[in-house]
> 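For reference, the structure I am asking about is given below.
Since the model is a prediction, treat every value here as computed from it, not as a measurement. All heavy atoms count here, side chains included; hydrogens, waters and symmetry mates do not. Residue numbering restarts at 1 for every chain, and letters A, B, ... go by the order of the sequence lines.
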Number of protein chains: 2
Amino acid sequence: MTSTTSRKRRPYATRVPAEERRTQLLDAALRLIVTSGHDAVTMDALAERAGVTKPVIYGQFSGRADLLDALLRREQRAALSQLFALIPAETDMRAGEPARLVTETLDRFLRTVRETPDRWYCIVMPLPDMPSAFHRARDEARDAVLRRAREIAEWGQRRVDGFDPEIAGHTIVTLFEMAARLVLTDPERYRPERFVGSLRAAIGLVTPRVGL
Amino acid sequence: MTSTTSRKRRPYATRVPAEERRTQLLDAALRLIVTSGHDAVTMDALAERAGVTKPVIYGQFSGRADLLDALLRREQRAALSQLFALIPAETDMRAGEPARLVTETLDRFLRTVRETPDRWYCIVMPLPDMPSAFHRARDEARDAVLRRAREIAEWGQRRVDGFDPEIAGHTIVTLFEMAARLVLTDPERYRPERFVGSLRAAIGLVTPRVGL
DNA sequence: GTATATTACTACTCCACGGTAGCATTTGAC
DNA sequence: GTCAAATGCTACCGTGGAGTAGTAATATAC
């Protein structure tokens, strides 16, 4: 009964070309990370989620670390592409208002986050068991974004005394991440316009009633 | 040569009472987490760092999870005690200005962070391999802090149109965490007064030159 | 229809690490 | 000085999970 001759063999997964299989495996890994954290991505769990067996994974990736690294690079590249597409070019900056630019960018950014939640989830959320490599990649991506944010802050500096563009750059990036996290956590409660409205109020696009 | 009769036996660690040993082990674990992340805290690595062997750890804690949980609870309790000691009581709030209160609290908070870096490091920094339990505890602590921050924001609400106290509360907490992270990362470059100065500038404690 | 190349599966190995049984050493009480 | 209690150490076990050798199945070309 339990001999190999009588044990039913698992039906084969549909054969697919290598590139499609890679994408399928990365999508499955992303889902596992987003729902259960990095340690949930065991090779067994991933094989099960993808509907294959472990050797199929090893056919596409040299190991678990290689797969996670490929996933990280894919999501990071896509996220940064999306993000930098939202930030106007420097030449556009000169003609406008920094405060307005930041609030409009925030609005577009949060709508992008809502449209591609898994991607942004693994970019901005604190994820259980997140490996060092993911942390480093986030830090590097943040550094790139910080450079643009600082340029925007320096542009705005001319208007307010006591302004520290480096700190302002960090603040902009951190507030964008915070907003993204809340939008992802509860999209109905935290709609983009709440953040945009608050940012407008905070940086003076509406008139304060009484000077503080 | 390699028989147990000739293998030198490890000299005994100095005997210490249970409570002191627990503290020593938790301190060693905190150091490992801060320097290398949670996965670096294996029972072997911890024994080595503490200068004992594994059964000594099991004499104080039922297992690895128990030890990490004890560490988390110790640091969390101490951090929240420190933090709530910094925030004035509600009765004090009525007599003052919310903006001034927030900036003064930020200043005191960042000085506290500099004085107890390991504690705050494991409270605010993104740590490699951080388990779900640590994430949940941070979320719960943040929720508690958010309630106070929201009260402060509601206090400030009366002064500015378009104000969303919930979003403002999240913003205050997130900016405090951001400042703490930068202070911990590079204390010479990110001195508390840079954040305090920027916060003052941002919320209008200095006069804007030109309305935006 | 058959053969072969390509892709997938079963059953297994290996090891890092959590955890422990049994023994050794030290310290304090008498 | 001796003895026993308390604390610490060595050597080992069990297992989850990464990874693979050998075999099976399928799909396409002829």
> Take atom CZ of A/Arg64 and atom P of C/dC15, then tell me their distance rounded to the nearest Å.
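A/Arg64 atom CZ is separated from C/dC15 atom P by 19 Å.
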> Please classify the nucleic acid contact of A/Thr42 as base, sugar-phosphate, or nothing, using heavy-atom distances under 4.0 Å.
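If one applies the 4.0 Å heavy-atom cut-off, A/Thr42 turns out to touch the sugar-phosphate alone, with no base involved.
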> In this structure, how many angstroms lie between the P atom of D/dT20 and the CG atom of A/Asp66, rounded?
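Atom CG in A/Asp66 sits about 12 Å away from atom P in D/dT20.
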> So, is A/Tyr12 close to the D/dT26 phosphate, meaning a side-chain N or O under 4.0 Å from OP1 or OP2?
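Negative; the distance criterion is not met.
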> Starting at the 5' end of DNA chain D and moving along, which residue's nearest nucleotide shows up first, A/Pro55 or B/Pro55?
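On the 5' side of the pair lies B/Pro55.
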> What is the nucleic acid contact for B/Gly63, judged by heavy atoms within less than 4.0 Å: base, sugar-phosphate only, or nothing?
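B/Gly63: backbone/sugar contact only, no base atoms under 4.0 Å.
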> Between C/dA24, C/dG19, D/dG19, spot the one nearest the side chain of A/Tyr58, thanks.
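Taking heavy atoms from C-beta onward, the closest nucleotide is D/dG19.
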> Phosphate oxygens OP1/OP2 of C/dC9: is one of them under 4.0 Å from a side-chain N or O of A/Arg10?
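Yes.
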> Side chains of B/Glu75 and B/Trp120 only: does a donor on one sit below 3.5 Å from an acceptor on the other?
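Per modelled atom types, B/Glu75 and B/Trp120 side chains form no pair under 3.5 Å.
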> Tell me what A/Thr14 touches on the nucleic acid: a base, only sugar-phosphate, or nothing, going by heavy atoms under 4.0 Å.
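Here A/Thr14 touches the backbone only, sparing every base.
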> Separation of A/Glu20 atom CD from C/dT6 atom P, in whole Å?
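In whole Å, C/dT6 P lies 18 Å from A/Glu20 CD.
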> In whole angstrom, what separates A/Arg21's CZ from C/dT6's C1'?
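In whole Å, C/dT6 C1' lies 12 Å from A/Arg21 CZ.
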> Out of C/dG19, D/dA18, C/dA8, which nucleotide sits closest to the side chain of B/Lys54?
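Of C/dG19, D/dA18, C/dA8, C/dG19 is nearest to the side chain of B/Lys54.
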> Nearest to the side chain of A/Thr53, heavy atoms from C-beta on, is which of D/dC9, C/dA8, C/dC9?
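For the A/Thr53 side chain, the nearest candidate turns out to be C/dC9.
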> Under the criterion side chain to side chain contact (heavy atoms under 4.5 Å, CB included), which of A/Arg142, A/Arg150, A/Arg148 is the partner of A/Val173?
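Per the side chain to side chain contact (heavy atoms under 4.5 Å, CB included) rule, the option paired with A/Val173 is A/Arg142, out of A/Arg142, A/Arg150, A/Arg148.
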> Please work out which of the three classes, parallel, tilted or perpendicular, describes the rings of A/Phe195 and A/Tyr190, given edges at 30° and 60°.
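Aromatic pair A/Tyr190/A/Phe195 classed tilted.
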> Just by distance, with hydrogens left out, do A/Arg21 and A/Gln24 show a side-chain donor and acceptor under 3.5 Å apart?
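Side-chain D/A pair, A/Arg21 to A/Gln24: present.
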> With no angle test and no hydrogens, is the base of D/dA25 tied to the side chain of A/Arg15 by a donor-acceptor pair under 3.5 Å?
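Indeed there is one.
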> Measure the distance from CG on A/Leu68 to P on D/dG19 and round it to the nearest whole Å.
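Spelled out: CG on A/Leu68 to P on D/dG19 is 10 Å.
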> Roughly how many Å is it from CG in B/Leu67 to P in C/dG18, rounded to a whole number?
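Result: 11 Å.
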> Among D/dA18, D/dA25, C/dG18, find the nucleotide with the atom closest to the side chain of B/Met43.
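Per side-chain heavy atoms of B/Met43, the pick is C/dG18.
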> Could you state the CZ-P distance from A/Arg9 to D/dG22, rounded to the nearest angstrom?
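Distance, rounded to whole Å: 16 Å.
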> With a non-hydrogen cut-off below 4.0 angstrom, is A/Pro11 in contact with a base, only sugar-phosphate, or nothing?
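Sugar-phosphate contact only.
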> Please state how far atom CD1 in A/Ile57 lies from atom P in C/dC9, giving the value in whole angstrom units.
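Going from A/Ile57 (CD1) to C/dC9 (P), I get 10 Å.
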> So, the side chain of A/Arg119 versus the backbone of A/Ala78: is there a donor-acceptor pair under 3.5 Å, distance only?
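No.
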